2 protein chains.
Amino acid sequence: MDLQTPLIKDRNCSSCPIRHRAVCATCDDDEIVTLDAMKYYRSFDAGQPIMWAGDRMAFVGSVVSGTATIERLMEDGRKQTMGLLLPSDFIGRPGRDTATYDVTAITDVTLCCFRRDSFEKMVAQTPHISQRMLEMALDELDAARDWMLLLGRKTAREKIATFLMMIVRRSTEGEAVLTTGSKQITLPLTREAMADYMGLTLETVSRQFSKLRKEGMIVMDGKRDITIPDVEALQAETGSDLS
Amino acid sequence: MDLQTPLIKDRNCSSCPIRHRAVCATCDDDEIVTLDAMKYYRSFDAGQPIMWAGDRMAFVGSVVSGTATIERLMEDGRKQTMGLLLPSDFIGRPGRDTATYDVTAITDVTLCCFRRDSFEKMVAQTPHISQRMLEMALDELDAARDWMLLLGRKTAREKIATFLMMIVRRSTEGEAVLTTGSKQITLPLTREAMADYMGLTLETVSRQFSKLRKEGMIVMDGKRDITIPDVEALQAETGSDLS
DNA sequence: TCCCTTTTTTGACCTGAGACAAAGCCGCGC
DNA sequence: GCGCGGCTTTGTCTCAGGTCAAAAAAGGGA
């Protein structure tokens with residue numbers, strides 16, 4: 001178990017690291033007491049499935065620590081990752097009892113879970129939760145649509161640059177907006193997982209990394225740690241405007 | 001103005017053709033009276049922009065008749081369509097005042113609009129609406145993710161077959177589920193618009209249609225009307241299981 | 001430390017879809 | 001009926017990225 005995912009035991013909501021960003025972010029104290037009593041934690045080892053497409057979904061929940069992917073597999077083995085699930089992201093869909101996607105832990109993952117039926121009742125009774133769910137769903141929809149542009153129209157090089165900039169943005173969350181200078185990041189995914197996310201092969205991903213490295217756009221400290229000496233220059237390779 | 005989009009004048013909600021499927025689907029009579037007083041209709045000619053990315057969104061609304069696309073343009077002209085908006089689909093995002101995508105009418109379109117600020121108040125006060133919004137947002141998220149698999153992993157042939165099956169499904173909505181036999185459909189898009197939706201070029205779309213035609217998978221009556229003699233056979237070309 | 005496995009890199013070759021170009025088709029206005 | 005503009009089809013050539021194969025690194029136990 002890595003350093004980012006300390007063991008969580010009987011933690012209550014008031015000390016929860018995702019309290020202000022998760023589905024419960026806008027709940028008041030009374031509502032949190034109710035959720036606190038309903039919740040339970042589950043852990044998954046890196047590589048383990050959290051949910052299979054087609055399975056009954058008994059629970060919904062939030063990622064407390066670790067990273068998971070939402071993905072779908074074709075019969076012949078082709079795989080597409082539809083999203084990354086990072087701490088505070090929500091898993092599951094109230095109102096549907098069968099999963100439509102596979103969810104896989106790619107690092108050790110801890111979830112804050114609720115039984116689906118009780119959570120659905122809670123959503124129906126608690127505007128703070130249903131409103132927050134809506135907000136999160138619309139954010140995810142925006143992210144999915146941005147990714148559709150990447151998958152449908154960007155070149156391999158633009159895909160990699162866009163992906164790296166997304167990691168930069170996420171690891172800069174909360175800090176002052178960074179659009180210039182250098183930045184150090186750690187990739188949360190293997191080459192293969194990145195390929196599945198961007199609709200490429202792992203060889204193409206590897207080649208594009210090598211090319212960016214030779215050009216000095218990125219500096220690699222090991223396989224996973226990357227320094228971007230000039231964030232603006234990399235942004236210019238994404239094919240997107242910065243708005 | 002084509003036959004599917006009759007002029008709408010001072011219609012009230014009770015006779016609205018999308019009353020049972022739109023964002024107002026689960027509203028009770030009192031709520032409908034309120035919405036009825038707030039709403040206004042707007043029409044757009046085929047080809048007209050309904051909304052530009054970056055613009056202030058003054059209104060939100062539902063498609064009453066016609067078809068529109070959600071799309072994004074890159075600086076160099078590459079375009080990706082993220083979704084089709086058909087009658088009962090919702091345009092706009094409460095809680096955000098700037099559009100993130102272009103929305104374009106591809107046939108003549110009539111919208112049932114609300115001023116954004118009043119609609120946001122209504123959402124906050126009306127669980128029926130916020131719950132329905134959530135449901136619709138989650139459905140769109142599922143659709144977007146399905147399309148990500150198509151964009152990232154499917155071949156041109158699979159993309160076309162999947163697209164055709166989507167049209168079959170939509171034009172069969174409400175009827176008995178059709179998974180066998182023959183079916184007649186009308187394409188709502190030009191070759192170019194289909195290409196932008198599927199991440200292809202218009203030439204590739206045209207070639208794939210020709211190939212399917214020569215193989216007898218489809219029969220074309222003009223450019224836009226297509227008969228699919230064997231729906232199951234076409235389904236088998238989509239690369240997806242039928243679940 | 002040394003295997004053994006997994007991940008990554010690199011090379012050589014191939015191919016599906018893009019780019020460019022030209023011709024065909026169709027509806028519309030005059 | 002004719003000519004014009006916007007679609008659509010088809011041909012030819014190119015190339016970005018896929019496929020297959022092998023070598024090189026990086027862990028991670030025992």
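Every value quoted in this text rests on a predicted model; they were computed, and no experiment measured them. Below, each value reflects all heavy atoms present in this structure, side chains not excepted, and no hydrogens, waters or symmetry copies. Throughout, a chain's letter reflects where its sequence line sits, starting with A, and its residues are numbered from 1.
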Lys/Arg-Asp/Glu bridge criterion (N-O < 4.0 Å) met for B:Arg93, A:Asp139: yes
Pair A:Glu192-A:Thr190, side-chain donor/acceptor within less than 3.5 Å: no
Any B:Thr204 side-chain nitrogen or oxygen under 4.0 Å from OP1 or OP2 of C:dG18: yes
DNA chain D: 5'-proximal contact among B:Glu203 and A:Thr155 (nearest heavy atom): B:Glu203
Gap between atom CZ of B:Phe59 and atom SG of B:Cys112 - 0.5 Å precision: 11.5 Å
Atom CD of B:Glu237: over 12 foreign heavy atoms under 6.0 Å: yes
Residue-level proximity of residues 185-193 of chain B to DNA chain D when a heavy atom falls under 4.0 Å: B:Thr190, B:Arg191
Side chain to side chain donor-acceptor pair (under 3.5 Å) partners of residues 218-227 of chain B, not counting sequence neighbours, each pair once: B:Thr186-B:Asp225, B:Asp221-B:Thr227
Ring pair (Phe, Tyr, Trp, His ring centres under 6.0 Å): pairs with one or both residues in residues 149-170 of chain A, sequence neighbours excluded: none
Note, A:Ile70 side chain near A:Leu84 side chain (heavy atom, < 4.5 Å): no
Under 3.5 Å donor-acceptor, B:Thr204 side chain and B:Leu200 backbone: no
DNA chain D: 5'-most and 3'-most nucleotides touching chain B, 4.0 angstrom heavy-atom criterion: D:dT8 to D:dT12
Sugar-phosphate only, base, or nothing, as touched by A:Gly199 at under 4.0 Å among non-hydrogen atoms: sugar-phosphate
Contact summary for A:Ser62 and A:Val23, nearest pair of heavy atoms: OG-CG1, 4.0 Å
Residue pair B:Lys159 / B:Thr238, side-chain donor-acceptor N/O under 3.5 Å: no
B:Arg207 CZ - C:dA21 P separation (whole Å): 15 Å
is_close_aromatic(A:Tyr197, A:Trp147), centroid dist under 6.0 Å: yes
A:Arg72: which of A:Arg78, A:Lys79, A:Gln80, A:Met82 passes side-chain contact (heavy atoms from CB on, under 4.5 Å): A:Met82
Gap between atoms CG and P, on A:Asp196 and C:dT8 respectively (whole Å): 12 Å
Sugar-phosphate, base or nothing in reach of A:Leu202, heavy atoms under 4.0 Å: base
Exercise: do B:Gln48 and B:Thr104 side chains pair donor with acceptor under 3.5 Å: no
Bending between helix ends of the helix from C:dT1-D:dA30 to C:dC30-D:dG1 [5 pairs per end, 10° resolution]: 40°
Protein-nucleotide distance (A:Ile160, atom CD1; C:dT9, atom P), rounded to Å: 11 Å
Residue-level proximity of residues 209-230 of chain A to DNA chain D when a heavy atom falls under 4.0 Å: A:Lys223
